[in-house]
Amino acid sequence: MRNSMMISSIIAIFIFTIIPLPITCTSSHLLPLKKSNHIFMVGQQDQQEMITMINNNNNNNHDLIESTCKNTPNYQLCITTLESDPRSLDPNTSVFGLGLIVVDALKNKATATMEKINRLKGSNIPDFAIPVMECSMMYNAILKADIPVAIEGLRKGVPKFAESGMDDAALEVQNCDNSFKKQVKYSPISGMNQDVYDLSLVAKSIIRLLL
Amino acid sequence: MASSWNESTKNNNNNLTPLLDGNNKEDERPAKRLRPSRIVFLFLAGFLAAGLFVAFGDRNGDCGKISLSRYVGGRMSSGSYSDQPATKTTWTSPGRITPAEGVPRGLAEGVSAKSSGHLFGKSPFSWTNRLLAWQRTGFHFQPKKNWMNDPNGPLLYKGWYHFFYQYNPFGAIWGNIVWGHAVSKDLIHWRHLPIAMVPDQWYDANGVWTGSATILPDGKVVMLYTGSTNESVQVQNLAYPADPCDPLLVKWVKYPGNPVLVPPPGIHHKDFRDPTTAWSTKDGKWRITIGSKLNKTGISLVYDTDDFKTYRLLNEVLHGVPGTGMWECVDFYPVSRVGENGLDTSYNDQTVKHVMKASLDDDRNDYYAIGTYDPVQGKWVPDDPTIDVGIGMRYDYGVFYASKTFYDQEKRRRILWGWITETDSEAADIAKGWASVQGVPRTVLLDQKTGSNLLQWPVEEVEKLRLNLKSFDNVDVKPGSILPLDVGSASQLDIVAEFGIEKEVLNLVNGSDEEYICSSSGGASQRGALGPFGLLVLTNDDQSEQTPVYFYIAKGTDGKFKTFFCTDQSRSSKANDVRKTIYGSTVPVLDGEKLSMRILVDHSIVEGFAQGGRTTITSRIYPTKAVYDDAKLFLFNNATQANVNASLRIWQMSSSNIKV
C-alpha cells in the first residue's frame with residue numbers, strides 16, 4: 001500500500017508540473033489529485049507512458065492483486081484466478097484490468113459449463129430434458145447478456161452495469177442448479193455451477209471497488 | 001409514408017444552419033485521441049471562438065408553415081438511421097444482431113439482493129410466454145422492445161412534450177447506447193420517433209449518454225449530453241435541433257466543436273457525466289452542474305458559460321457529501337415555499353428553496369435534499385445536514401433511478417421522470433424482449449405544510465385514463481381481516497384510499513422502544529397494535545401471491561407516533577428468480593390528517609404515493625398466478641388492536657396505446 005501511495009504522489013507531481021492547465025479552468029486549487037486505486041487520468045498517452053515507467057520499477061503487481069483480493073469474499077479463489085493469468089502481473093494492469101481478468105475467467109468457466117450442458121442434451125436422458133433446456137437458457141443469459149455487459153460496463157467506465165451483470169450471473173447459475181435438483185434430485189454440473197457462482201461474486205466485489 | 005419521411009429529412013438537411021460558419025469540416029475529422037495538447041487547444045479554440053460567436057443564428061426566427069401531418073398522421077420508423085450524418089466510427093448498422101442475441105436484461109439495483117438470496121436448493125420457476133406477456137405495461141412509457149435506461153433531456157417544445165431516453169436499439173441488454181425519442185401532447189399518449197442521436201463521432205463513439213435540455217429565453221433549445229469517447233473518456237457535448245421549426249425536433253445536430261467540456265484536472269476520466277439543465281446567473285451567464293467524485297466524496301462541479309461552447313469551472317463545488325461515492329444524474333432546481341406552481345430552473349428569489357438530487361452509483365438510489373442556494377458563491381447548503389444528499393431522503397423507496405425533472409412552461413409545473421429497472425432474471429427477460437419502464441411522470445412541489453420534504457404526484461393527465469369508478473365508503477376493517485374489493489380485472493388500476501383509526505385506540509396502545517423498519521420488521525404479516533393495514537394488489541383469490549401496500553403506525557415510549565409506508569414483495573410471486581425486497585420508509589403525518597395513499601397498478605409496475613406524495617415506493621412485481629383475470633384487489637387490516645375505517649375510490653385504467 002505504501003508503495004502505491006508513493007507512486008500516486010509521484011504521479012500527482014508529474015501531472016501538475018507537466019500538464020498545462022486549460023486557461024479556462026481555475027480548478028487546480030479546488031481539486032487536488034487524490035490517491036486512487038485507478039490512477040489513469042484523461043486518456044493522455046504521454047502521461048500513461050510516464051506511469052508505465054514509474055511502475056516498471058516495481059517488477060510485479062502482487063501488491064495490487066493482494067489488496068484487491070482482500071476486498072472479495074473469496075480471497076483464495078481471487079488470488080488463484082488472477083495469478084494464473086499473466087496479464088495480472090503486468091504492472092500496468094489496474095483494478096479495472098483485474099476485474100476484466102476475473103470476468104474472463106468466469107467466461108471460460110461458463111463456456112465450459114455450457115458445453116457440458118450441450119453434451120448432456122445429447123445424452124437423451126429423459127429426466128435431463130427440462131433442466132438441460134432451462135440451464136441452456138440461463139447460461140445463454142450469462143454468456144450473451146451478463147458477461148458482455150460486464151465487459152462493456154468495465155471498459156466504458158460504468159461499472160454499475162458490470163456489477164448488475166455479475167449479480168445476475170450468480171442468480172442464473174443457482175437457478176440452473178436448482179432446475180436439475182428439482183427434476184433428478186442431483187445436479188450433474190453442481191461443481192461447475194459452484195465455480196461460476198463463486199467467480200461471479202469475486203468479480204462483483206472487484207467491480208464494486210471501481211464504482 | 002416512407003417517402004414523405006425522406007422528404008422531410010431532406011428538408012431538414014437544407015434548413016440546417018451551422019452554429020459556426022466554416023467549422024463543419026470538423027465533422028469529417030478522423031477520430032482522435034484526447035491528448036493534453038488537444039484539450040488545451042480545444043479550450044483555446046473555444047475561448048477564441050467565443051469572440052466570434054454568433055448566437056445560434058436565427059434558426060428559430062421564421063418557421064413558416066409546418067406540415068404536422070407528415071409526422072403525426074403516418075407511421076414513423078423508430079429505427080431509421082438513414083438520416084444520421086455520415087460517420088467514421090465503428091457503429092454497427094442496425095439489424096445486424098439477431099433476435100436470439102437481443103437479450104433483454106434486468107438490472108439489479110444497488111448492492112443486489114439478487115445474488116444475496118440463498119437459492120441453491122429451491123425450485124426454479126419456468127416462465128411461460130403468457131406470464132411474460134402480462135408483465136408489459138398498459139400506460140407506462142416503454143419502447144416497443146429492447147433495453148431502456150435513463151430519461152434524457154425532457155422538455156416541452158411548441159406544444160409537444162419530448163422524451164428522450166438511453167436506449168439500446170440492438171437488444172434488451174445495456175450497450176450500444178443511443179438516444180431514443182418520443183413525443184406526446186399529454187405525457188401519457190406517446191408516439192415513437194426516430195432515434196435522435198447515435199454514437200457517430202469520436203467524442204461519443206462509446207455511447208451517447210445522459211444529458212439535459214435547456215430552453216433559452218428566445219425559445220431555442222440546447223442539449224448537453226455526456227459522450228463516452230473512443231477512449232472511454234467522459235466528455236460533455238453540445239447538440240441542438242437541426243430544424244427549430246419542426247415541433248417534433250426529429251433531427252439533431254452535434255456541435256462541430258465538441259467536446260465542449262473534458263474532465264478537469266484531478267477528476268478521473270470516467271467520473272464526469274450527466275450535465276444538468278442550465279440556469280441563468282445574475283450576470284447573464286448560464287450555469288450547469290455535473291456530478292463526479294473525489295475518492296468517496298460525491299461532488300457536483302459547477303460551470304458557467306455564455307454560449308454553451310466555452311465554460312469556466314468555478315473554484316468550489318456546488319455541494320459534496322463524503323462517503324456517498326459517484327454522483328450520477330445530478331438535478332438542481334428551485335421549489336416555491338409560497339406558490340402552488342412549479343418554477344423555471346432559473347427562477348430564484350427569497351420565496352424559493354433549492355432541491356439537490358444525486359443518483360448514487362454505489363447503491364443505485366435517487367437521493368434529494370432541500371436547501372438554500374447562494375448564486376454568488378455558487379454554493380448550495382442543505383437545511384438539515386443530517387439528511388444531506390445521499391444520506392437522507394429518497395425520491396422513492398423502491399426502484400427508481402437516474403431521474404430528471406424539467407419545467408413545463410405551459411402548465412407551470414415541474415415534472416419528474418425516473419427509470420424503473422427490472423428486478424427479475426436476465427433469462428426471464430430474454431424471452432420478454434424488453435427491459436425497463438419509465439415511471440408515470442410526477443409533478444414535484446415543496447411540501448409547504450412540513451417544509452422539509454417534496455410532494456410527488458402523478459401528472460393530472462393520468463386521470464384521463466380512469467374508467468368505471470367504484471367507490472367504497474367508510475368500510476370498517478376489523479383487526480386481522482381481509483376484504484375482497486370487487487373491481488373487476490385488477491392489472492391496471494388507479495386506487496385512492498383514506499384510512500381512519502379511532503383516537504381511543506391510539507391513546508390506549510402502549511408505546512414501545514422497538515424500532516420499526518419496513519425492510520426488516522417482518523413485512524405485512526408481522527402484526528402490531530396499529531398496523532399494518534392497506535391494500536393487497538396483484539393478489540390471487542387464495543392470496544398465495546399477494547403484494548401488500550400498507551401503513552404501519554409505531555408508538556414510541558414517549559407516546560409519539562411514527563407512520564411507515566411500505567410495499568412487501570416477499571409473497572408477490574411463487575417464482576424464486578425475482579427480487580422480493582420489502583420496501584418503505586417513514587411518512588410525515590401531521591395532526592388532524594387522515595392517512596391516505598394512492599396506488600397505480602400497471603401489470604408489473606406498482607407505484608405507491610403516501611400522504612399526497614410525501615413518501616413514494618415503486619416496485620416491479622412478477623406474479624405467476626395473480627395475473628390477468630386472477631389478479632384481484634383486497635383491503636386488509638393486520639393490526640391486532642386498531643379498527644380501521646377505509647374509504648376508497650378505484651378506477652380501471654385504460655391503456656395509453658403508445659404508437660410506433
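Just so it is clear, the values below take in all heavy atoms, side chains as well, and ignore hydrogens, waters and symmetry mates. Per chain, numbering begins at 1; letters A, B, ... match sequence-line order.
Between W174(B) and F161(A), the two ring planes are parallel [angle under 30°; tilted spans 30° to 60°].
Within a 6.0 Å sphere centred on CG of L77(A), heavy atoms belonging to other residues, nucleotides or ligands number more than 12.
Taking NE2 from H268(B) and CG from L210(A), the interatomic distance works out to 8.5 Å, rounded to the nearest 0.5 Å. With rounding to the nearest 0.5 angstrom, the CG atom of N140(A) is 5.0 Å from the CD1 atom of I430(B). Here the CZ atom belonging to R364(B) is positioned 5.5 Å from the CG atom belonging to L211(A), to the nearest 0.5 angstrom. Distance check: E134(A) CD to S126(B) OG gives 3.5 Å after rounding to the nearest 0.5 Å. K160(A) NZ to M326(B) CE: the interatomic distance, rounded to the nearest 0.5 Å, is 8.5 Å. Taken from CD in E152(A) to OG in S228(B), the straight-line distance is 9.0 Å, to the nearest 0.5 Å.
Most heavy-atom pairs under 4.5 Å with chain B: of the set S200(A), G157(A), S187(A), P131(A), this distinction falls to G157(A).
A search for salt bridge (Lys or Arg N to Asp or Glu O under 4.0 Å) contacts involving K70(A) returns E66(A), not counting sequence neighbours. For W127(B), the ring-ring contact (aromatic ring centres under 6.0 Å, His included) test picks out F125(B), with sequence neighbours left out.
Taking every heavy atom of both residues into account, S425(B) and D168(A) meet most closely at CA-OD1, 3.5 Å. A141(A) approaches A427(B) most closely through the heavy-atom pair CB-N, 3.7 Å. The minimum heavy-atom distance linking K270(B) with K156(A) is given by the pair CE-C, 4.2 Å. Shown here for K144(A) and I173(B), the closest heavy-atom pair between the two residues is O-CD1, 3.7 Å.
Only the side chain of E172(A) comes within contact range of chain B, with heavy atoms under 4.5 Å apart.
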